[in-house]
Amino acid sequence: MAEAAILRNAVEATERIARGGRNLLAGIFVAIALAFAVFAGMTGDTFFFRLATEALIFAGLALSVDLLLGYTGLLSLGQALFFGFGAYVSGLVLKNVAPSFWAAIGITLAATLLVGTIAGIISIRARGVYFALITFGLAQVAFKVVFNTREIGGSDGIIGIPQIRAEFGLFSVDTQSPAGFFLLTLAFMMLLYAGCAYLVQTPAGRLLVAIRTNESRVPFLGYSPWRAKLFAFVAAAVVAALSGSLYPMLRGLVSPELLAFQISGNAVIMVVIGGVGTLAGAFYGSAILTMLKSVIGTFTEYHLIVIGALFMLSVIFFPKGLAGYALPRLERWVARRRGRA
Amino acid sequence: MSAALLEVEGLAISFGALRAVSDLSFTAARGGITSVIGPNGAGKSTLFNLVSGALRPQQGRVRFAGADVTGWSTHKLLRAGLSRSFQITNLFFDLSVFENLRLASQVLEPMGRALLPVARSTAARDRAEELLGQFGLAEKATELAGHLSHGEQRRLEIAVSLACRPKMLLLDEPTQGMSHGDTQSTAAMIKGLAGDLTILLIEHDIDVVMNLSDHVVVMHQGAKLAEGTPAEVRGNAEVQKAYFGENPGGETPGGEAH
Ligand SMILES: Nc1ncnc2c1ncn2[C@@H]1O[C@H](COP(=O)(O)OP(=O)(O)OP(=O)(O)O)[C@@H](O)[C@H]1O
Ligand SMILES: [Mg+2]
C-alpha cells in the first residue's frame with residue numbers, strides 16, 4: 001500500500017511540475033505584457049499599443065495552430081481561413097446587425113462550429129502532408145471566393161466597421177482606447193489560452209496527444225481517431241475564429257488578405273519560434289515575430305529576408321523553440337521550490 | 001449462451017494474388033486459451049487483423065459474444081470487449097509508461113469525464129496503477145515507454161491491451177524476443193488470465209503452446225491445416241509433415257518472427 005502511494009505521488013508530482021512550468025511561462029508573458037502596457041501608457045503611445053494588440057490577436061491564431069500541430073500532430077497551412085472567417089463574421093455583425101461585442105463573439109462562435117465541422121470533415125480524411133495540402137487548398141479557395149464576392153467588399157474588404165463599447169456589466173471597454181482594448185485583448189487571449197491548457201489536460205485532450213504519438217494504436221483503445229481529430233479541428237477553428245473576431249474591433253476594417261497564406265504561414269512560424277506543443281509559446285512567437293518585423297522593417301526594406309534567415313537560425317539552434325528551451329528550466333525551478341515547501 | 005465466445009466462419013482475404021487467409025473457420029471457447037500456430041507468413045497476424053477490425057474480410061463472418069461483428073470498426077469492437085496486442089510493439093513511445101496505461105484504461109471511465117480534468121478519471125488511474133504492479137513496471141511509471149528495455153516494452157504491450165478489462169484478448173506473439181525467464185513468467189501470467197478472459201494466442205514457442213492451450217488451430221498458407229487439443233495436433237501426421245517435420249527439435253518452428 002505504501003508503495004502504491006509513493007507511485008501515485010511520483011506520477012502526480014511530475015504532472016504538477018509540468019503544469020507549474022507551463023503556467024509560469026504564461027504568467028511571465030502576462031507580466032511582460034502588463035509592464036509594456038504601463039510603459040506605453042505612460043508615454044502616451046498609440047502606435048505600439050495597436051501593434052501589440054495585433055500581435056496578441058495573431059497569437060490566438062498561432063495558439064490554434066499549436067493545438068493542432070503540437071497536440072494532435074496535424075500541420076494546418078490554412079488556419080487563416082478560420083481567422084479571416086471570424087474577422088469577416090464579426091465585422092459584418094458589427095456593421096450590419098448590432099454594434100455589440102457579445103453579438104460579434106457569439107455569432108462568430110456559432111458560425112465557426114458549423115464551418116469548422118464541414119472543413120474538418122473534408123480535411124481530416126487525409127494524413128500528414130496531404131492534410132497540410134488540403135488545409136492550404138481550402139484556405140486558398142476561401143481567399144479567392146472572398147476576394148471575388150462584391151457583397152462583402154471584394155478585394156477592398158469591409159471598411160468603416162464602427163468602434164464599439166464592450167459591455168461587461170460592472171465596466172465597459174471602448175475598442176478605440178489603445179490601452180483599454182489592449183488589456184481586453186490580453187484578457188480574452190488568456191481565456192483562450194486557459195481553455196486550450198484546460199482541454200489538453202482532460203482525457204479528451206490526452207487522446208489528441210495519443211494520436212500525435214501513435215495514431216495506429218488509438219482505435220485499439222476504444223476511440224475513433226477520426227472523431228477525436230474532428231473535435232480538435234473544430235476546437236482549433238473556434239480559437240482561430242474568436243481571435244479573428246477581435247481584428248475588426250482593432251482596425252475598423254477587414255480585408256481578404258486576412259485569409260491569405262501569408263497569415264497561415266506566419267502563424268506556423270510563430271509556433272515554431274515559440275515552441276511546438278507548449279501553447280504559451282504561441283504568444284512569445286507572435287511577440288517576437290511582430291517585434292522583428294517592426295524593428296527590422298525600419299532599418300531595411302528586405303526585412304522578409306532577414307526574418308527568414310533568423311527563422312532558420314532559430315530552428316537550427318533552438319529546434320524546440322523558445323518555450324521548449326525555457327520549459328525544462330522553469331520546471332526545474334518549480335520542482336526545487338516545491339521540494340523546499 | 002453459446003460455449004464459443006468467438007466464431008469465425010469462412011474468413012478470407014487476399015492481398016493481390018496472395019491469399020493471406022482463405023476459407024478459415026474455427027471457434028474459441030469462452031474462458032479458454034485457443035492458440036493459432038503456423039510457420040512465418042501463414043496468415044496468423046492477418047487473421048488477428050480481420051477479427052479485430054483492422055482489416056475487412058473479403059469473405060466470411062465473425063461472430064463475437066453472440067453478435068455478428070463482421071466489418072465492425074476496431075473501436076466499436078473494443079468497446080464490445082475484444083482487445084488485442086501486437087506482434088511488433090505498438091505503444092505510445094513518447095509518453096510515460098503510466099500515461100500509456102492510463103490512456104488504455106480511459107475507456108473504463110464514464111463518458112461525462114472526458115472533458116473534466118484528467119485527475120478526476122480515478123477509475124483509469126486506479127486501473128493503470130494496478131497494471132503497473134501486476135506487470136512489474138511500477139518503478140518505470142514516469143519513464144517514457146520508448147526508453148524501456150525490449151522485455152519491458154513487451155510486458156507493457158500486453159498490459160495496454162489488457163487495460164480495458166476485455167472479454168476476449170488476442171495476443172500476437174506476446175513472448176516475441178523475450179528472454180527465457182521472461183517467456184516463462186509471461187506464459188504463467190497468460191495462463192492465470194484465462195478463465196474470466198477468453199484468449200486467442202499466436203505463439204511460436206511450441207512448449208508454451210503445448211502447456212497453455214486448450215485448443216490449437218494450425219494454419220498453413222492462409223488455410224487451416226488442422227485443429228484439436230495440443231496432443232491431437234502434435235500427433236497429426238499432416239501437421240508433423242508440414243510443420244513439426246521441418247524442425248524435429250520442435251522448439252521454435254518457423255524461427256524467429258520478423
Ligand atoms: N497489409 C498487407 N498487404 C500485403 N500483404 C500482406 C499484408 N499483411 C500481410 N501480408 C502478407 O500476408 C502473408 C501473411 O502474413 P501474416 O503477417 O499474417 O503472417 P504470420 O502468420 O503472422 O507470420 P509471422 O509468423 O511471421 O508473424 C505474408 O506473406 C505477408 O507478407
Ligand atoms: Mg505475425
Side-chain angles (χ1 to χ4, degrees), chain A residues 1-19 23 70-73 194-232 234-235 276-277 320 331 335, chain B residues 52-54 73-86 89-100 102-109 111 113-121 124-126 128-130 132-133 137-139 141-142 144-146 157 160-161 163-164 166 170:
Chain A
M1 233 29 248
E3 253 174 56
I6 292 168
L7 169 67
R8 182 173 301 180
N9 280 340
V11 168
E12 285 177 355
T14 346
E15 294 192 344
R16 257 201 317 274
I17 288 167
R19 210 165 43 238
N23 289 342
Y71 291 85
T72 325
C196 293
Y198 175 85
L199 179 67
V200 300
Q201 56 86 53
T202 64
R206 297 292 182 95
L207 196 63
L208 301 182
V209 177
I211 288 176
R212 185 199 70 201
T213 311
N214 181 5
E215 180 174 345
S216 73
R217 182 86 197 219
V218 169
F220 299 94
L221 306 182
Y223 297 93
S224 149
W226 185 86
R227 250 178 253 164
K229 284 196 281 186
L230 184 60
F231 171 71
V234 174
V276 177
K320 291 183 171 173
E331 281 173 11
Chain B
S52 67
S73 57
T74 296
H75 59 93
K76 191 172 169 193
L77 279 167
L78 186 121
R79 281 167 189 267
L82 189 141
S83 183
R84 73 169 287 189
S85 77
F86 289 82
T89 310
N90 189 5
L91 297 166
F92 302 99
F93 294 107
D94 297 344
L95 303 181
S96 73
V97 171
F98 178 81
E99 185 64 7
N100 270 267
R102 209 199 48 72
L103 277 165
S105 311
Q106 198 162 293
V107 40
L108 301 172
E109 294 286 345
M111 260 305 274
R113 286 185 185 166
L115 287 173
L116 293 178
V118 74
R120 300 283 289 277
S121 292
R125 180 198 64 196
D126 294 348
E129 287 175 356
E130 183 186 344
L132 282 172
L137 291 167
E139 291 195 343
T142 56
L144 297 188
E157 174 71 38
V160 163
S161 61
C164 60
L170 317 184

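Chain letters run A, B, ... following the sequence lines, proteins first, then strands; residues in each count from 1.
In this structure, NE2 in B:His75 is found 10.0 Å from CH2 in A:Trp226, a value given to the nearest 0.5 Å. To the nearest 0.5 Å, atom CZ of residue B:Phe98 and atom OG1 of residue A:Thr14 are 9.5 Å apart. Note that CD of A:Glu15 is 7.0 Å distant from OG of B:Ser96, once rounded to the nearest 0.5 Å. A:Asn214 contributes atom CG, which lies 8.0 Å from atom CG of B:Leu91 (distance to the nearest 0.5 angstrom).
Side-chain contact check for B:Cys164 versus A:Leu221: every heavy-atom pair is 4.5 Å or farther apart. Put simply, the side chain of A:Phe220 does not reach to within 4.5 Å of the side chain of B:Ser85, judged on heavy atoms. Using a 4.5 Å heavy-atom threshold, the side chains of B:Glu109 and A:Pro203 count as separate. Two residues are said to be in side-chain contact when any heavy atoms from C-beta on lie closer than 4.5 Å; A:Arg217 and B:Ser161 meet this criterion.
Proximity to chain B is limited to the side chain of A:Arg227, based on heavy atoms less than 4.5 angstrom apart. Residue contact with chain A, scored on non-hydrogen atoms closer than 4.5 Å, involves the side chain of B:Ser121 exclusively. Heavy atoms closer than 4.5 Å to chain A are found in both the backbone and the side chain of B:Ser52. Only the side chain of B:Glu99 comes within contact range of chain A, with heavy atoms under 4.5 Å apart. Using a 4.5 Å cut-off between heavy atoms, A:Tyr198 touches chain B through its side chain atoms alone.
For the pair A:Arg212 and B:Phe92, the cation does not sit on the ring face, since its NZ or CZ is not both under 6.0 Å from the ring centre and inside 45° of the axis.
Chain A forms more heavy-atom pairs under 4.5 Å with one residue of B:Arg102, B:Arg120, B:Glu139 than with any other, namely B:Arg102. Across B:Val107, B:Thr142, B:Leu116, B:Asp94, the residue that shares the most heavy-atom pairs under 4.5 angstrom with chain A is B:Leu116. Per-residue counts of heavy-atom pairs under 4.5 Å with chain A were compared for B:Asn100, B:Leu95, B:Leu115, B:Leu82; the largest is that of B:Leu115.
Between A:Ala204 and B:Gln106, the shortest heavy-atom contact is N-NE2, 4.4 Å. Annotation for B:Pro117 and A:Thr202: closest pair N-CG2, 4.4 Å, computed over non-hydrogen atoms. Scanning both residues, B:Ala138 and A:Leu7, for their nearest heavy atoms gives O-CD1, 3.5 Å.
For B:Glu129, the salt bridge (charged side-chain N to carboxylate O under 4.0 Å, His left out) criterion is met by A:Arg8, not counting sequence neighbours.
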